[in-house]
Amino acid sequence: MATGMEQIRNIGIVAHIDAGKTTTTERILFYAGMTHRLGNVDEGNTVTDWMIQERERGITITSAAITCAWRDTQINLIDTPGHVDFTMEVERALRVLDGAVGVFCAVGGVQPQSETVWRQADRYHVSRIAFVNKMDRMGANFDRAVSEMREKLGANAVPVMMPVGAAETYAGEIDLISLSYRRYLDEEGKSFEDGAVPAELADAAQAAHEALLEALAEVDDTFMEAYLEDPEQDVASVRAAIRRAVVAQTMVPVFCGSSLRNKGVQALLDGIVDFLPSPGERKAPVGTNVKTNADEEIETTATAPLSSLVFKIATDPYMGRLFFVRVYGGALKKGQNVYNPRTRKRERIMKLLRVKSDEEEELDVLDAGDIGAVVGLKEVTTGDTLCVENRPVALMGITAPEPVMFMAIEPKSTAEKDKLIAALDQLAAEDPTCQVRTDADSGQKILCGMGELHLEILVDRLKREFNVMANTGKPMVSYYETVSATARQTYTFDREIAGRRHYVTLTLEVSPIERGKGRQAEVAKSALKRLPKPEFSAIITNALFDAIATGVLARFPMTDVKAEVIDCVILDEETASDVAFRSAAVMGFRETALAAQPELLEPIMSLDIVTPPEYVGDIMGDINSRRGQVCDMDMKGDLQNVRARVPLAELFGYATAIRSLSRGRASYTMETGAFAVVPRTVKEELLNR
C-alpha cells in the first residue's frame, strides 16, 4: 500500500441514478484485488451497497468509503448516491475529495442529476475524468454523450478513448494516447489483448488522436511549445500534459466501456492513477483561526500541525459509531487527544481504521492526505474539525440543504418513547438532512427529510437497526415562512414575575435576505453599547433564532430572514434580567415580522420527463394543472425531453399519473430546485386548514 502523499488518490464516483456508479465501483474493487467475486446490484451482493434497504431497492442510499490499490497507488474511493433525496451524501463526499469520476450513461447522456453533481464538484473545485458507461446497450452513442458534456455541463470534455462499435457490435476501445487497440476475447470482457489499430479504423483513430493533441495544446502552454516544434509527441509527454490539465481543471478526459461486461474499467483505473491529483497537488484549504477569527491557510504536509475534517458518521453493528475523517495536515494517531473548535472540547482517538471491502484494518496513524475512520469520539458531528489545541483552526463545514418534507412520528407504546428519541437523535447525527423537531402546539415529534423515499428509508432504519416500532403520519410538504419587506418596531417587556420587575425595551429590524441564505440574527453595535452585561448579547441572539424557528403565520420555520436588535433601553440593572431580554426579543421579533409582510414559501421541483412525442400534449396539460411551468423541450433520439418546474405539493402520486398518461412509456426524475412564494389562494388555504 502507498506510503507517500503522491501515491494517494481520494476519489468519488458520481452520476445520475442508474448510470452504473455502483457497478463501476464493484469492478474497480475486483480488478484492484480487493474482492474476489464480481458484485451485482440486481443480485444485491455489492460491497458498497451494504445496507439492507440499498440491496432491496437496488439503489445507493449512503456514500460508502473504501480503500484499494492499483499500480502501487492507494485509492480511497467513495461511491455516492444518484437519487435526489440523498444529494447531501454527494455534497459531503465531494467536500473532502481531490478527484472524481463522472459516470454517464451512453444511452441517456447527461441527465438531470448528472448536472447537479457536476455543479457540486465545481463548487468544491474537484478535478474530474469522465466514463461513458453502458456502451453495450441498445441506443448507445459515445459522441452524443461527449457533446452533451460540453453543452450542458460546460466541460472541456476530450475523448482519450474511442469505442469500437456500440450496442451488440461493441468490441473494444482504441487508446487515443498510444494509438493501440484493446480487443475483448469473450463476452464478459475478462480476457483481452492489446494490439495495433485495425486498418479500417486507422484514419478515424488518427483524427481523434490529433484532436486530443490540439485540445491539449490549447490548455497547456508547456505542451503547446513542444507540440509546435514537433507534432509527434511521445506517450509520456501526452500523459503528463493531460495530468496537468486535469489538475488545473481545464480538461476532462473521457473514457468509455461497459462496467457490467467488465470492459474499459482497467483503462479507467489507469486514468485515475495517471490523471487525477494526489492530495499534495490540490490547493491548500483555508480555515478560520478560532482565537483571532482570521483566515488561515492549512499546511498540508506530514510535519504540519494536525488539521482534519469529519465528513461522515456511520453506525457499524460491531464497532459502533464510525467517524470518517479526511486528514489535511499533520497526522492523526491512535490514542491521541484532539481538539474540536466547535465544542471547545478535547476528544480522544480510541481506534483508527481503514475500511477495506467488508472488513476493517486497524491503523496506528493516519497521515496527511489520507481518509480513514475513527472510533471513540463523543460530541462530534458532521462537518467538525479535529485539530491541535494550540492551533485551533476550524475548516469550512458542510452545509445541509433545508428539508422539503416531513411526517409526524410517535412510538407505538409509551415504553418506547425514550428509545425512539435516542434513535432519532442518532439518525440526525449521521444524516444532516434528517431533522427532528417538536411541534410547539401538540408536542408531537416531527421527522423532516428530503423526500418521500428519504422518510421511508429513515422509518425503515428505525425498525431494522434500532428495533423501534413507530406510528407515522402521512408525508407532507415542508413549508417555510419568510418576509418580503423591511420593518422596524420597538417592543417593551414590562412584567412583574415572582415579586420582581423585569423591564427592557428593544428596537428590532426584520428584513429579507437573498433566497437560500438561511437565517441571521445579531445585535448591532449601537445596541451592544447599551447592554448592562456582555452575556445578554448571546441571550438575545439565541432568543431571536428560537423565534425565527417557530414562524409567525402558521408556525412554519422561517428562512431567508435577518433579525437585528438596533437599540436597547433599560431602567436599571436590577430590572434588566435574562427573562426580560429573552421575552422582549421573542415577542418583539413576532410583532416586527408580522409588519414585514410575511409570506409562505414552498419547495419547487425541477422535473425532467422523457416521453414518446405522442404523449407530450397530455403530459404538458397535466403539468399546467399542477401549477407547473414548462421551461424547455428538446428531442433526445426519438424521445421528447420535457423540463418543467412544479411545486412539490402537487407531485404526490405523480409516478402513477405519468404511467397512466403515457401507458407506462414515459419516465421522469426530479430534484429540488428552489423555494418560491406560494400564490395567495394557496396561502389562504394553508392558513385556514
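If you're wondering where the values come from, they're calculated on a predicted model, not measured in any experiment. These numbers come from the heavy atoms of this one structure, side chains and all, not from hydrogens, waters or symmetry mates.
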Exercise. Taking the side chain as every heavy atom from C-beta outward, state whether L306 and V327 have any atom pair closer than 4.5 Å.
Key: yes

Quiz item: So, K562 and E509, do they make that salt bridge, N to O below 4.0 Å?
Solution: no

Exercise. For side-chain contact (heavy atoms from CB on, under 4.5 Å), just list the numbers for C448 and R437, CA-CA rounded to whole Å, side-chain angles, deciding distance to a tenth of an Å, and then say yes or no.
Key: CA-CA 8 Å; C448 308; R437 35 180 219 255; 3.3 Å; yes

Quiz prompt | Flag, side chain of N10 to backbone of G369, donor-acceptor distance under 3.5 Å | solution = yes

Practice problem: Could you pull out all residues at least two apart from T292 that satisfy side-chain contact (heavy atoms from CB on, under 4.5 Å)? | Solution: N289, A294

Quiz item: With a distance cut-off below 6.0 Å to the six-membered ring centre and an angular limit of 45° from the axis, does R326 pair with F324 as a cation-pi contact?
Solution: no

Quiz item: Which pair of non-hydrogen atoms, one from L544 and one from A563, has the smallest distance, and what is that distance?
Solution: CD1-O, 4.1 Å

Quiz item: Can you list the residues that meet the salt bridge (Lys or Arg N to Asp or Glu O under 4.0 Å) rule with E297, with sequence neighbours excluded?
Solution: none

Quiz item: Is a side-chain N or O of E91 found less than 3.5 angstrom from the main chain of A400, in a donor-acceptor match?
Solution: no

Practice problem: Would you indicate whether the side-chain heavy atoms of V579 and R495 approach each other to under 4.5 Å? | Solution: no

Practice problem: Give a yes or no on this: more than 12 heavy atoms of other residues, nucleotides or ligands lie within 6.0 Å of atom CG of N293. | Solution: no

Self-check item: Sequence neighbours excluded - salt bridge (charged side-chain N to carboxylate O under 4.0 Å, His left out) pairs with any residue from residues 524-534
Solution: R530-D567

Between side-chain atoms of residues 384-395 and protein atoms elsewhere (two or more places apart, or another chain), which donor-acceptor pairs fall under 3.5 Å?
unit_1: D384; atom_1: OD1; unit_2: R342; atom_2: NE; d: 2.7
unit_1: D384; atom_1: OD2; unit_2: N340; atom_2: ND2; d: 2.9
unit_1: D384; atom_1: OD2; unit_2: R342; atom_2: NE; d: 3.1
unit_1: D384; atom_1: OD2; unit_2: R342; atom_2: NH2; d: 3.0
unit_1: D384; atom_1: OD2; unit_2: T381; atom_2: N; d: 3.0
unit_1: T385; atom_1: OG1; unit_2: L395; atom_2: N; d: 2.8
unit_1: E389; atom_1: OE1; unit_2: R346; atom_2: NE; d: 2.7
unit_1: E389; atom_1: OE1; unit_2: R346; atom_2: NH2; d: 3.4
unit_1: R391; atom_1: NE; unit_2: E296; atom_2: OE2; d: 2.7
unit_1: R391; atom_1: NH2; unit_2: E296; atom_2: OE2; d: 2.7

Quiz item: Which pair of non-hydrogen atoms, one from L508 and one from A585, has the smallest distance, and what is that distance?
Solution: CD2-O, 4.0 Å

Quiz item: Tell me, do R92 and P432 make a side-chain contact under 4.5 Å, heavy atoms counted?
Solution: yes

Practice problem: Name all pairs fulfilling the salt bridge (charged side-chain N to carboxylate O under 4.0 Å, His left out) condition that reach into residues 536-553, sequence neighbours left out, sorted by first residue then second. | Solution: D546-R582

Practice problem: Measure the shortest side-chain to side-chain distance between T507 and R488 over non-hydrogen atoms and say whether it is less than 4.5 angstrom. | Solution: yes

Exercise. Begin from the C-alpha positions of E115 and L153 and carry the test side-chain contact (heavy atoms from CB on, under 4.5 Å) through to its verdict.
Key: CA-CA 6 Å; E115 297 182 52; L153 306 178; 3.9 Å; yes

Quiz item: Mind checking whether Y654 and Y668 have parallel, tilted or perpendicular rings, split at 30° and 60°?
Solution: perpendicular

Quiz item: Are V569 and T490 close enough, and set up right, to give a side-chain contact (heavy atoms from CB on, under 4.5 Å), and what steps lead you there?
Solution: CA-CA 10 Å; V569 177; T490 299; over 6 Å; no

Quiz item: Parallel, tilted or perpendicular for F675 and Y480, by the 30°/60° rule?
Solution: perpendicular

For residues 588-601, which side-chain N or O atoms pair as donor and acceptor with protein atoms under 3.5 Å away, sequence neighbours left out?
unit_1: R590; atom_1: NH2; unit_2: T550; atom_2: OG1; d: 3.4
unit_1: T592; atom_1: OG1; unit_2: G588; atom_2: O; d: 2.6
unit_1: E599; atom_1: OE1; unit_2: K683; atom_2: NZ; d: 3.4

Quiz item: Does the side chain of M605 reach to within under 4.5 Å of the side chain of V646, using non-hydrogen atoms?
Solution: no

Quiz prompt | Any side-chain donor near an acceptor of the partner, K445 and T438, under 3.5 Å | solution = yes

Exercise. Check V468, L462, N471 against I409 for a side chain to side chain contact (heavy atoms under 4.5 Å, CB included) and give me the one that passes.
Key: L462

Exercise. Among E481, R515, R519, find the residue that satisfies the side chain to side chain contact (heavy atoms under 4.5 Å, CB included) test when tested with D560.
Key: R515

